[in-house]
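Here the structure comes first, spelled out in structure tokens, and everything after it is commentary.
Remember, it's a predicted structure, so these values are computed and weren't measured experimentally.
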Amino acid sequence: FGVTDSALPTLFSTSLPRSHAGKFEDFKVLGALLELDIGDCKKIDCKNALEVLPTMPWAAQIQKLRLSGTDAEGTMGTFFF
């Protein structure tokens, strides 16, 4: 995505334009993400998003995550409960 952790505020929310491309794993560089809306971003590979979500440094504090309209596979399971 061309964004480094040092260029981002400590806590933030983001919604990406649908033209962004990359992998869900690329969001790992984000330090303290509260909200992430990548719904309908067809060029972001989200197939393993739910599998790698617990490994993200911001996973514990995420308040809103929108993956609808992506190629994410699987179920949320007990991650958020």
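Note that the CG atom of Leu67 and the CG atom of Leu50 stand 6.0 Å from one another [nearest 0.5 Å]. Atom CZ of residue Phe27 and atom CD1 of residue Ile62 lie 10.0 Å apart, to the nearest 0.5 angstrom. The CD atom of Glu51 sits 13.0 Å away from the SG atom of Cys46 when rounded to the nearest 0.5 Å. Here CG of Leu33 is found 7.5 Å from CD of Gln61. Values are rounded to the nearest 0.5 Å. For the atom pair Trp58 CH2 and Leu36 CG, the distance stands at 5.5 Å (nearest 0.5 Å). Considering CG of Asp37 and CG of Leu65, their distance stands at 9.0 Å, rounded to 0.5 Å.
With sequence neighbours excluded, the residues satisfying side-chain contact (heavy atoms from CB on, under 4.5 Å) with Glu25 are Lys23, Asn48, Val52. Residues meeting the side-chain contact (heavy atoms from CB on, under 4.5 Å) test with Lys64, sequence neighbours left out: Glu35.
Look at Asp71 and Lys42 and you find no salt bridge, because none of the NZ, NE, NH1 or NH2 atoms lies under 4.0 Å from a carboxylate O.
Closest heavy-atom contact between Pro57 and Lys28: CG-O, 3.3 Å.
Inter-residue side-chain proximity for Lys47 and Phe24 is flagged as unmet; no heavy-atom pair is nearer than 4.5 Å. Between Asp45 and Thr70 there is no side-chain heavy-atom pair separated by less than 4.5 Å.
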